[in-house]
Amino acid sequence: MFSVLPGFRDFYPMDCAKRNYIFQQIRETGRLFGFEEYDGPVLEPLELFTEKSGQEIVSQLFSFTDKGGRQVAMRPEMTPSLARMVGSRASSLKRPIKWFDISELYRYERPQKGRLRSFYQFNADIFGEPDVLADAESIALLISVLRSFGLTAKDFHIKFSDRRLWSIFFQLNGISAADSSNILTIIDKSDKESMANDVEKLNALGLDGVIFRQKIDEFISAKTVAEIHEMLINCKLFSSAKPLVSQGIKDLSRLLECIEMFGLQDYMTLDLGIVRGLAYYTGFVFEAFERFGKSRALAGGGRYDDLTKKMGYAELPAVGFAIGDVTLTNMLLEKGLIPDLDKSIDAFIVFDDEFKKEAMGDVILFRSNGISSEFSIKQTDTHRQLKMAAAANAKVVVIYLGDVPDVPGSVLVRRMNDRKEVLTARNGLLKTLEELLK
Ligand code: HAM
């Protein structure tokens, strides 16, 4: 006997039905926003992720050497593949480049609620648009997808921040660029690590860990644009970078203005503690969470303006996000927001062996006219076939009766919801079915 690998899932038909429902809603919303669907390969050269994704994802890679001696990895995220696809055809792609995909990804994480080793993501990204309106459009799409399932601002919110504000904060505190990215990693992990651990890591960077950790906490406690501005003004090196601070504050205010134009302010929570674990983000970053409780993130994204350039292609500003299917499905199930997706069929055909030939001919006719039809493959009595029709949730049952006086070769069609019955000759069967199924 065999069991599924830890962190992987079997999708039985009911699970597939739920997954398909979720994907269909997402695809529809993506198209409403003018995004086109793309896909990429499951297996990629290992360096695509070791160089572009950042340390955390690299430690979670499913990687191996293939038979040709290549170092390869199962994709843990789509963004590096997407940047390659867009970057390598940047000059010939029609702008704006707004693409989405729904794909299966693999990360060797410790399986736990909301986190598996194989999961799906809906990625949506905009390339070539540096304006903050693109960031707002990206956030608006994320919110619309979640709303399309019936979730509201009472259920979830988007925590957002700006990595550029952190760069300014580090600069105003005399921290080098190299140390800044290490400190961002410490901040990203701080909810999973102890205070003592953070202090130790900061000490290792040559800082006074206790004091700097306190400064970080103070900065994160700023919850409005005005509070952030004031904290930056109070930094010891403020006078050396006044224009940078004004620009940072202006960008943040503009994002908020755009969000308000879309009427989405109730969904947004300014939280500088959101810095994102992936290495490539350069500006605004955001994550969607259930508003209450301690569930893992539903989605995450942000601006990454230099990834294509770092990969050797032309520079293309980019912003996007991904929603994971695991936390989203858990949340929708908990809130009863996945509709009843029981299997149903238009017609179930009931016949004795003597009418098999006619029945099979009609099944082919129904199906070729778009009427989904089933029958019992195993020869069995009428009673059992009617039970099978009920189990299949058939909308109508077609019963071959044989000759009835005055209606030769007759067939009884019964609509199941109101028990309406029509007796018809075989040559009128298709029309009868179409009428009863209207
Ligand atoms: P990410 O934050 O690593 O971002 O993942 C986005 C979402 O995917 C998470 O919020 C979570 O819902 C889901 N997810 C991640 N890891 C797992 C896991 N092990 N099990 C289940 N779900 C998981 C990215 O992947 C970026 N590439 C998103 C992006 C697109 N940024 C710009 N464009």
Side-chain angles (χ1 to χ4, degrees), residues 5-9 19 22 26 30 35 38 40 44 48-49 52-62 74-86 97-127 129 134-135 137-139 141-142 145-146 156-161 163 185 188-189 191-192 274-290 295-308 316-332:
L5 285 169
F8 285 73
R9 288 171 288 180
R19 191 177 75 182
I22 289 173
I26 289 177
F35 281 65
Y38 72 95
E44 289 278 16
L48 185 67
F49 306 113
K52 304 303 163 211
S53 291
Q55 204 37 54
E56 184 176 14
I57 279 203
V58 169
S59 67
Q60 299 168 342
L61 284 175
F62 276 88
M74 309 275 280
R75 60 187 177 192
E77 60 157 337
M78 281 310 283
T79 313
S81 308
L82 173 64
R84 180 196 57 222
M85 287 171 68
V86 171
I97 302 164
K98 290 163 67 182
W99 289 5
F100 79 85
D101 85 303
I102 297 177
S103 44
E104 191 170 8
L105 305 166
Y106 309 88
R107 295 185 193 177
Y108 199 88
E109 286 200 53
R110 187 171 64 78
Q112 55 192 293
K113 191 165 187 237
R115 287 293 176 274
L116 298 175
R117 290 183 177 162
S118 148
F119 56 98
Y120 288 86
Q121 268 187 356
F122 163 64
N123 279 264
D125 293 84
I126 305 174
F127 282 82
E129 299 288 349
D135 302 65
E137 170 83 334
S138 189
I139 292 169
L141 172 56
L142 166 55
V145 169
L146 297 178
F156 75 92
H157 61 156
I158 312 289
K159 293 186 180 179
F160 70 104
S161 160
R163 276 203 177 191
T185 308
D188 183 49
K189 301 232 163 311
D191 57 339
K192 292 174 212 130
I274 298 295
V275 294
R276 306 279 295 137
L278 295 157
Y280 42 72
Y281 293 111
T282 55
F284 291 118
V285 281
F286 49 89
E287 288 186 358
F289 286 93
E290 251 189 84
S295 304
R296 307 291 303 263
L298 292 157
R303 181 163 278 284
Y304 51 105
D305 281 346
D306 54 17
L307 187 56
T308 50
L316 261 182
V319 58
F321 67 88
I323 305 180
D325 74 316
V326 182
T327 31
L328 176 62
T329 308
N330 287 347
M331 185 175 178
L332 296 179

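Each ligand, and each atom within it, is numbered from 1 in the order the structure gives. Computed from a predicted model, the values in this text were never measured in an experiment. Numbers for residues simply follow the sequence, beginning at 1.
- Checking each of Leu82, Leu278, Val86, Thr79 against Leu307 for a side-chain contact (heavy atoms from CB on, under 4.5 Å) leaves exactly one that passes, namely Thr79.
- Taking every non-hydrogen atom of Leu298 and a distance limit under 4.0 Å, the qualifying atoms of ligand 1 come out as 10 (O), 12 (O).
- Proximity to Gln121 (heavy-atom distance under 4.0 Å) selects the following atoms of ligand 1: 5 (O), 6 (C), 7 (C), 8 (O), 24 (C), 25 (O).
- Relative orientation of the Phe122 and Phe100 rings is tilted, given thresholds of 30° and 60° on the angle between their planes.
- Of the candidates Ser138, Ser81, Gly302, Ala297, it is Ala297 that places a heavy atom closest to atom 12 (O) of ligand 1.
- Taking distance alone, with nitrogen or oxygen atoms compared against 3.5 Å, Gly301 stays at or beyond that limit from ligand 1.
- Of the candidates Ala299, Ser295, Pro80, Ala299 brings a heavy atom nearest to atom 10 (O) of ligand 1.
- Heavy-atom neighbours of Tyr108 OH from other residues, nucleotides or ligands within 6.0 Å: at or below the threshold of 12.
- Counting the atoms of ligand 1 from 1 in the order shown, those under 4.0 Å from a heavy atom of Phe321 are 29 (C), 30 (C), 32 (C), 33 (N).
- For ligand 1 and Glu109, the ligand atoms under 4.0 Å from any heavy atom of the residue are 16 (N), 17 (C), 18 (C), 19 (N).
- Residue contact check: Tyr280 has heavy atoms under 4.0 Å from atoms 26 (C), 27 (N) of ligand 1.
- For atom 4 (O) of ligand 1, the nearest non-hydrogen atom of the protein is Arg276 NH2, 2.9 Å.
- Listed by number with element, the atoms of ligand 1 under 4.0 Å from a non-hydrogen atom of Asn123 are 30 (C).
- Distances below 4.0 Å separate heavy atoms of Glu77 from the following atoms of ligand 1: 25 (O), 26 (C), 27 (N).
- Residue contacts with ligand 1: Arg117 is excluded, as none of its non-hydrogen atoms falls under 4.0 Å.
- Contact atoms of ligand 1 toward Gly114: 20 (N), 21 (C), 22 (N) (distance under 4.0 Å to a heavy atom of the residue).
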